[in-house]
Amino acid sequence: MTSEVGTDIRKAAGILRDGGLVAFATETVYGLGGNALDVNAVARIFEAKARPKFDPLIVHIHDTSQVSELVQTVSVPATDLMERFWPGPLTLVMPKQNVVPDLVTAGLPSVALRMPAHPMAMELIEQAGVPVAAPSANPFGCLSPTRVEHVADQLGNHIDYILDGGACPIGVESTVVGFPDGSPVLLRPGGLPLEEIEAAIGPVQQIAKGEVSDNPSETIEATPQISPGLLSRHYAPNTPLITRDEELEIDVSKLRVGLLTFKSGNDVIGFTAVEVLSEQGNLVEAATNFFVALRKLDNLSLDLILADRFPEYGLGRALNDRLHRAAKKR
Ligand code: AMP
Ligand code: MG
């Protein structure tokens, strides 16, 4: 059985209210949504994605009036960030109310909240009348879906309805910020650049920085306790992927090697296939194309995908983070 794909928001909202699962477009990637307050619906999300229960879900809302229902206290920096960046690709982790099932938060006392900046997602959540728990609409650990066909291909028979909202404009997941000791900590780089957050609220601690470091000893081991799910291999194609700077002695002409590269002008000789993410080297455009391009290369039965790193600023931070995890050994 394959899922129905359409644009009927009313129908999709009804399915969510009745405990069903709906995939929907957001500005970051497609989400697989269920009623966040219905533990059975939430359990179905984990099952559909084969997602480990230690990896908590982000709860999506359409109005800040829903925050007090889900969160105990909102700190000053969190309030500032909501006012400045919601709706948008920013997830905030805050102390949860009892009404949020432990399954949503993987037993943590905090819940991750986001208000997506996508008209269909907003309308869906409003009509459903419930907060919507939604991880990306893909099997756990695989490439994130940024087009409706990615969802249909990968999860098609596990979902009650797929709401077609077109291509996701940002193309990488939300930035996640928590406040474990009161001050802001970047838990995952994402669609909202760190620079913009720091311009709004001042310095943000970068606990996830070790994730993109070339030196494994710099990885901050506290990360799993604060934000489980961040250290796992993730966002990964089936084809082995390495970044160009960790290239071993590989003769690309003897193997079928695909290249994922940021902009034109990088060395592309000898590759079986080349995906240039942004001719002019624009990080916003590169992010939009990132998962689509990686998917294309992954579908070519290549021996290897070689990826060029991005500059470590703006959306480049999120893209390097995704590359780093895609390159982790199984
Ligand atoms: P995604 O897999 O894109 O849905 O992103 C969810 C990620 O957000 C998880 O893997 C966690 O790293 C983080 N997250 C979600 N909820 C929490 C929470 N309650 N506390 C800390 N991090 C969280
Ligand atoms: Mg995901």
Side-chain angles (χ1 to χ4, degrees), residues 21 23-34 36 42 45-46 48-61 67 70-72 74-75 78 89-114 116 121 131-146 150-151 154-155 168 170-181 184-192 205 207-208 210-211 220 222-237 287 290-291 294-295 318 321-322 325-326:
L21 301 189
F24 60 99
T26 77
E27 79 279 31
T28 58
V29 302
Y30 271 77
L32 175 59
V42 175
I45 297 176
F46 279 96
K49 280 182 62 84
R51 181 173 173 117
K53 301 281 197 305
F54 62 74
D55 196 3
L57 305 181
I58 295 172
V59 176
H60 294 69
I61 58 174
V67 172
L70 303 167
V71 165
Q72 287 176 20
V74 182
S75 63
L90 174 66
T91 296
L92 299 173
V93 177
M94 296 172 285
K96 83 175 186 79
Q97 295 277 23
N98 286 338
V99 68
V100 180
D102 287 337
L103 187 56
V104 170
T105 67
L108 293 168
S110 59
V111 62
L113 287 194
R114 176 166 113 79
V132 176
S136 50
N138 57 335
F140 179 73
C142 298
L143 298 175
S144 294
T146 54
H150 300 165
V151 181
Q154 284 187 292
L155 279 187
C168 300
I170 291 183
V172 285
E173 295 78 359
S174 61
T175 301
V176 182
V177 172
F179 309 86
D181 303 311
V185 176
L186 180 71
L187 300 176
R188 175 178 71 183
L192 180 66
Q205 201 192 328
I207 201 125
E211 283 293 283
I220 299 172
T223 308
Q225 279 85 50
I226 300 176
S227 195
L230 285 184
L231 278 189
S232 45
R233 179 177 188 272
H234 216 97
Y235 312 110
F290 181 74
F291 282 117
L294 209 42
R295 229 170 250 272
D321 168 81
R322 305 307 184 264
R325 286 183 230 204

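Each ligand, and each atom within it, is numbered from 1 in the order the structure gives. What you are looking at is a predicted structure, and each value in this text was computed from that prediction instead of being measured.
Here the closest non-hydrogen pair linking P131 and I61 is CB-CG2, 4.3 Å.
Atoms of ligand 1 found under 4.0 Å from any heavy atom of L108 (numbered from 1 in listed order, with element): 18 (C), 19 (N), 20 (N). Shown in contact with P135 at under 4.0 Å from a heavy atom are these atoms of ligand 1, numbered in order with element: 4 (O). Counting atoms of ligand 1 from 1 in the listed order, those under 4.0 Å from a heavy atom of A112 are 15 (C), 16 (N), 17 (C), 19 (N). Taking a cut-off of under 4.0 Å to the non-hydrogen atoms of I58, the atoms of ligand 1 that pass are 5 (O), 6 (C). Taking every non-hydrogen atom of D55 and a distance limit under 4.0 Å, the qualifying atoms of ligand 1 come out as 9 (C), 10 (O).
G178 does not count as a contact of ligand 1, since none of its heavy atoms falls under 4.0 Å from the ligand. Residue-ligand proximity: H234 is placed with every non-hydrogen atom at 4.0 Å or more from ligand 1.
Exactly one residue among V111, V59, V93 makes a side-chain contact (heavy atoms from CB on, under 4.5 Å) with T105. That residue is V111. A side-chain contact (heavy atoms from CB on, under 4.5 Å) with L103 is found for exactly one of L57, I45, V42, namely V42.
On a distance-only criterion, S110 and ligand 1 share at least one N/O pair closer than 3.5 Å.
By the side-chain contact (heavy atoms from CB on, under 4.5 Å) test, A137 pairs with A23, Y30, L32, P145, V151, L155, sequence neighbours left out. Remark: R51 pairs with D55 by the salt bridge (Lys or Arg N to Asp or Glu O under 4.0 Å) rule, at least two apart or across chains. Every side-chain hydrogen bond (donor to acceptor under 3.5 Å, both in side chains) that T26 has, sequence neighbours left out, goes to T28, R114.
When non-hydrogen atoms are compared, ligand 1 lies under 4.0 Å from the side chain of R188 (C-beta onward) but not from its backbone. Contacts of R51 with ligand 1, taken as heavy-atom pairs under 4.0 Å, involve the side chain alone.
We find the OG-NZ distance between S136 and K49 to be 3.5 Å, quoted to the nearest 0.5 Å.
Around the Mg ion (ligand 2), protein N, O or S atoms at less than 2.8 Å comprise S136 OG.
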Begin from the C-alpha positions of L113 and M94 and carry the test side chain to side chain contact (heavy atoms under 4.5 Å, CB included) through to its verdict.
CA-CA 8 Å; L113 287 194; M94 296 172 285; 4.0 Å; yes
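Relative to atom 8 (O) of ligand 1, the option among V176, L32, L92 with the closest non-hydrogen atom is V176.
By the 30° and 60° cut-offs, the orientation of the rings of F291 relative to Y235 is tilted.
There is a side-chain donor-acceptor pair under 3.5 Å between S144 and E173.
Using a cutoff of 4.0 Å between basic side-chain nitrogens and carboxylate oxygens, D102 and K53 are not scored as salt-bridged.
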